[in-house]
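Every chain is numbered from 1, with letters handed out A, B, ... down the list of sequences. Any value given below was found using the heavy atoms of this structure, including those in side chains, with hydrogens, waters and symmetry copies removed.
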Amino acid sequence: MLSLITPLMQIIEWPMRALQRILGPRKLAWVFLLPNLFLFGFFTFLPVILNFFYATTGSDHILLEDRPYVGMRNFDELMNCTSYLDPNSCQIDLFWRAVHNTLWFIVLQVGFMVFFSMTTALILNRKIRARGFFRAVFFFPVLLSPVVVALVWKWILQDQGALNAVLDHFGLQTVNWMLSPTWAFAWSVFISVWFHMGFYTLILLAGLQSIPRDVYEAAAMDAASPWRVFRKITLPLLMPTMVVVLVLSLIKGVQTFDEVYAFTGGGPGSATTLVIQFIYQNGFAGAPRLFGLASAASILVAIVLIALTAVQLWITRRNANG
Amino acid sequence: MTAFLTRTRGRKRLHWTDWMAYAYLTLGVLLMFGPVLWLVLSSFKTERELQNYPPRLLPYVQKMETVPGYDKPLPIYKVTAGPLAGQEVAQIRRIGLISQVVKPSDPKTVLKVPFKDRKAVEHVALATSNYSKLFERFNFFRFFYNSTFITVMATLITLLVNSMAAFALSKYQFRGRGLVMALIIGTLMIPPTVVLVPLFLIVRDFGMIDSLWGVIIPGAATPTGVFLLRQYMLTIPDEILDAARMDKASEWKIYWRIILPLSAPAIAVLAILSIMWRWNDFLWPLIALQKQENFTLQLALNSFRGEFTTDWASLLAMTVLTLVPIVVVFAFLQKYIATGIASTGGK
């Protein structure tokens with residue numbers, strides 16, 4: 001690898017030397033920044049601007065000059081509901097079904113995830129043997145690809161799968177998990193928690209280990225009960241990390257697509273269709289391609305995400321400043 | 001021995017909460033490793049074994065024997081009832097409810113055994129037929145190549161582009177630096193999931209839809225990468241750079257001869273993260289790659305999963321082959337990956 005990189009770097013050296021002579025070393029900084037700014041400009045900032053053009057134009061053409069201006073019609077269509085609590089009363093009922101699913105998904109997923117990663121982190125923070133091994137075990141699924149995670153669980157949950165065999169063995173009623181809307185949704189939440197839990201465990205564990213030891217020693221001197229130590233020392237001192245975990249998992253929860261889509265395809269029916277899948281289906285999978293609707297929906301998602309990210313940045317900055 | 005096993009650091013005996021902790025962790029090991037292990041075991045079962053219900057834990061293979069007078073090895077059965085009870089026979093063919101069998105010791109005489117009175121003779125063994133069939137039936141190497149090409153090229157470009165930017169942002173004072181930093185923080189707020197439609201148009205205008213470059217280029221610059229490297233480069237003392245400038249080294253030479261080697265630990269972390277992101281990437285490749293020959297492993301896996309009927313034999317083998325590279329990387333670099341992911345917030 002190195003033998004390949006060195007000549008490449010030497011080749012780039014000639015034009016860079018010439019540029020340095022023309023611009024001077026200070027302005028050369030922009031040359032170093034250029035490739036990065038080019039990529040950010042074209043593939044992040046320009047899309048953000050164009051997104052508004054798509055959201056305010058109609059038809060299924062991809063080229064902007066072919067798309068007639070429709071104002072806020074796409075947003076109006078998305079928001080046209082008699083009652084936001086009942087997706088059936090909405091013009092684009094699938095969007096609201098996806099919103100409802102996503103909200104439920106986030107509440108359950110974030111709740112279970114915070115609970116289980118907290119429990120795991122607290123246990124891993126005890127004086128236990130083979131801590132490195134156990135930590136690696138809980139972290140391991142984080143590295144798998146979403147599609148692999150989905151298939152691993154699909155194989156267990158299929159009609160003739162291992163779980164039904166175990167239920168059968170104990171004389172319990174088997175269930176065709178993937179065909180029941182409620183179960184498919186519940187398992188989607190479960191595999192998502194299984195998949196991402198290790199990541200948050202790791203962050204919480206780091207938070208726990210950064211709590212100074214002498215605070216605990218002082219509590220031991222005062223013969224404080226373990227429960228009291230947890231409530232009065234561990235929990236308050238872990239709060240900043242907890243908030244980071246909460247916000248991060250919310251941000252990622254809103255964007256969940258991969259593992260659920262590979263697991264259920266959004267079905268049965270639309271029981272597990274989440275908002276990002278709605279965007280994907282309208283923009284890229286369905287047969288009139290409703291780019292405007294997809295863009296409008298993604299702008300609504302972006303507003304939620306930007307608010308959450310702003311909170312996250314504010315918290316990290318506050319934590320960093322002590 | 002028990003005393004040794006139950007000894008904990010600092011304390012004499014295990015408290016009941018310790019038992020609870022170990023119970024939880026053991027359950028955790030089962031729940032985290034079990035499903036993946038089950039998938040790997042299943043992938044080594046024959047196609048017929050996969051259809052067995054209830055499934056058995058370990059993969060079994062039926063005993064086969066070459067009998068004189070027959071071209072192919074014949075499957076061996078044990079007869080459970082009738083005059084031949086207890087003997088092992090080789091089945092030639094099955095007609096309705098009757099199996100035609102021969103004794104391996106006496107291949108000339110064809111005997112008839114009711115189909116329900118025979119049981120397959122099996123032993124635990126790994127059947128590799130799913131894997132060999134995978135290579136015959138699907139263009140597995142093509143998908144593997146696509147995934148590898150995307151992962152390697154994207155990681156190299158990410159490292160080069162982001163380290164250049166980090167160098168400029170950490171080692172130069174220039175007007176507009178604050179603005180650039182603000183812009184890069186801004187990109188943190190815009191995940192690709194919310195700009196899919198216009199991104200598709202732009203990548204299409206660059207002529208990169210349905211090309212591997214269309215997957216590689218858009219995500220090559222990452223704010224996480226720039227920050228990670230910049231934080232590390234800030235710790236490199238400027239005196240080294242000044243000394244190099246005294247020796248008439250060009251700025252580019254300072255970058256790749258001094259800064260890059262000194263930032264190796266941070267670059268390694270970013271490389272590992274980038275490899276993981278790229279290998280496991282799903283949504284954008286799903287949109288950008290349309291012809292099957294351009295599919296990555298993840299897309300191929302997803303496309304072979306049907307809603308009701310699924311060719312599990314091939315799918316299981318392919319899933320195992322997709323997760324092996326990451327598991328190998330993980331086994332060697334576990335500690336770095338964990339710290340890398342924890343310090344950057346995942347993505």
Side-chain angles (χ1 to χ4, degrees), chain A residues 9 13 16-17 20 25-26 28-29 32-33 35-36 39-40 42-44 46-48 50-51 54 62 123 126-128 134 136-141 143-148 151-152 155-156 160 162 165 199 202-203 206 248 255 257-258 262 265 276 283-284 291 294-295 298 301-302 306 309, chain B residues 8-10 21 24-25 28-29 32-33 35-36 38-39 42 53-55 161-162 164-165 167-168 172 174 180 187 189-191 193-199 201-202 218 220-221 250-253 256 276 280 282-283 287 298 301-302 305 307 315 319 322-323 326 330 334 338 341-342 345-346:
Chain A
M9 292 293 190
E13 177 140 16
M16 287 300 278
R17 214 179 253 277
Q20 188 178 342
R26 194 158 285 210
L28 201 68
F32 276 102
L33 277 172
N36 218 28
L39 291 175
F40 277 143
F42 271 105
F43 300 111
T44 305
L46 188 58
V48 170
L50 290 182
N51 219 7
Y54 276 103
I62 177 84
I123 287 177
R126 294 168 66 97
K127 287 177 177 165
I128 50 164
F134 285 119
V137 164
F138 282 94
F139 184 71
F140 159 74
L143 303 167
L144 300 177
S145 88
V147 186
V148 167
L151 286 171
V152 163
W155 173 236
I156 290 177
Q160 307 252 299
F199 168 61
L202 213 68
I203 297 182
L248 258 183
Q255 298 182 66
F257 169 79
D258 299 2
I276 301 297
F284 304 99
F291 293 118
S295 278
S298 67
V301 174
I306 286 173
T309 315
Chain B
T8 50
R9 271 173 263 165
Y24 180 90
L25 291 175
V29 173
M32 294 290 155
F33 272 161
V36 178
W38 173 241
L39 182 99
S42 303
Y53 183 82
V161 167
N162 286 347
M164 281 168 67
F167 172 58
Y172 290 98
F174 58 95
V180 174
T187 60
M189 297 212 188
I190 314 160
T193 40
V194 297
V195 289
L196 292 173
V197 173
L199 190 60
L201 172 82
I202 292 165
S250 74
E251 298 298 312
W252 180 259
K253 195 162 227 159
W256 78 272
M276 266 184 52
N280 293 339
F282 182 62
L283 179 55
I287 290 169
Q298 313 296 340
L301 270 180
N302 180 59
R305 142 203 91 84
E307 192 144 342
L315 203 54
T319 311
T322 308
L323 71 89
I326 286 291
F330 174 66
Q334 193 251 113
I341 289 180

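- Of the two parts of A:P35, the backbone and the side chain both hold a non-hydrogen atom closer than 4.5 Å to a non-hydrogen atom of chain B.
- Taking every heavy atom of both residues into account, B:S42 and A:W155 meet most closely at OG-NE1, 2.8 Å.
- Exactly one residue among B:L315, B:T322, B:L323 makes a side-chain contact (heavy atoms from CB on, under 4.5 Å) with A:L151. That residue is B:L315.
- The two atoms that bring A:A262 and B:N302 nearest to each other are CA-OD1, 3.8 Å, heavy atoms only.
- Looking only at side-chain heavy atoms (C-beta outward), A:I156 and B:W38 come within less than 4.5 Å of each other.
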**Study point:** side-chain contact (heavy atoms from CB on, under 4.5 Å) evaluation trace for A:Y54 with B:L201
**Key:** CA-CA 10 Å; A:Y54 276 103; B:L201 172 82; 3.2 Å; yes

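- Residues that satisfy the side chain to side chain contact (heavy atoms under 4.5 Å, CB included) test with A:A302, not counting sequence neighbours, are B:V194.
- Among A:L144, A:D258, A:V148, the residue with the largest count of heavy-atom pairs under 4.5 Å with chain B is A:D258.
- When all heavy atoms of A:A29 and B:A168 are compared, the pair lying nearest together is O-CB, 3.5 Å.
- Ranked by heavy-atom pairs under 4.5 Å with chain A, the first of B:N280, B:V161, B:T193 is B:N280.
- Remark: the backbone N or O of B:V197 is not paired with any side-chain donor or acceptor of A:N51 at under 3.5 angstrom.
- The greatest number of non-hydrogen atom pairs below 4.5 Å with chain B, out of A:N36, A:L39, A:V48, is found for A:N36.
- Of the listed residues (B:M32, B:Q298, B:K253), the one with the most heavy-atom contacts under 4.5 Å to chain A is B:M32.
- Contact tally against chain B (heavy-atom pairs below 4.5 Å) for A:P47, A:S298, A:A165: the top residue is A:P47.
- Comparing B:V180, B:N162, B:L25, B:V29 by heavy-atom pairs within less than 4.5 Å of chain A, the highest count is held by B:L25.
- The two residues A:V137 and B:G28 make their nearest non-hydrogen contact at CG1-O, 4.2 Å.
- Counting all heavy atoms, side chain and backbone alike, B:P191 lies closest to A:Q255 at CB-OE1, 3.0 Å.
- Among all heavy-atom pairs drawn from A:E13 and B:W256, the shortest one is OE1-NE1, 3.6 Å.
- A:F43 is not listed as a side-chain neighbour of B:V195, based on a closest heavy-atom distance of 4.5 Å or more.
- Note on B:I190, B:T319, B:I202: by heavy-atom pairs under 4.5 Å with chain A, the leading option is B:I202.
- Atom CD1 of A:I276 sits about 7.5 Å away from atom CG of B:L283, to the nearest 0.5 Å.
- The ring pair (Phe, Tyr, Trp, His ring centres under 6.0 Å) test applied to B:F167 returns A:F32, B:Y172, B:Y255, not counting sequence neighbours.
- Of the atoms belonging to A:F134, it is side-chain heavy atoms, and not backbone ones, that fall under 4.5 Å from chain B.
- For A:L46, the parts lying under 4.5 angstrom from a heavy atom of chain B are both the backbone and the side chain.
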Exercise for review: Could you walk me through whether A:F284 and B:L196 pass side-chain contact (heavy atoms from CB on, under 4.5 Å), step by step?
Suggested key: CA-CA 9 Å; A:F284 304 99; B:L196 292 173; 3.8 Å; yes

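- Residue with the most contacts toward chain B among A:L50, A:L28, A:V301: A:L50 (heavy-atom pairs, distance under 4.5 Å).
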Exercise for review: Show your reasoning for whether side-chain contact (heavy atoms from CB on, under 4.5 Å) applies to B:V36 and A:F140.
Suggested key: CA-CA 10 Å; B:V36 178; A:F140 159 74; 3.8 Å; yes

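- In this structure, the side chain of A:Q20 does not engage the main chain of B:S250 through any donor-acceptor pair within 3.5 Å.
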Exercise for review: Begin from the C-alpha positions of A:M9 and B:W252 and carry the test side-chain contact (heavy atoms from CB on, under 4.5 Å) through to its verdict.
Suggested key: CA-CA 9 Å; A:M9 292 293 190; B:W252 180 259; 3.5 Å; yes

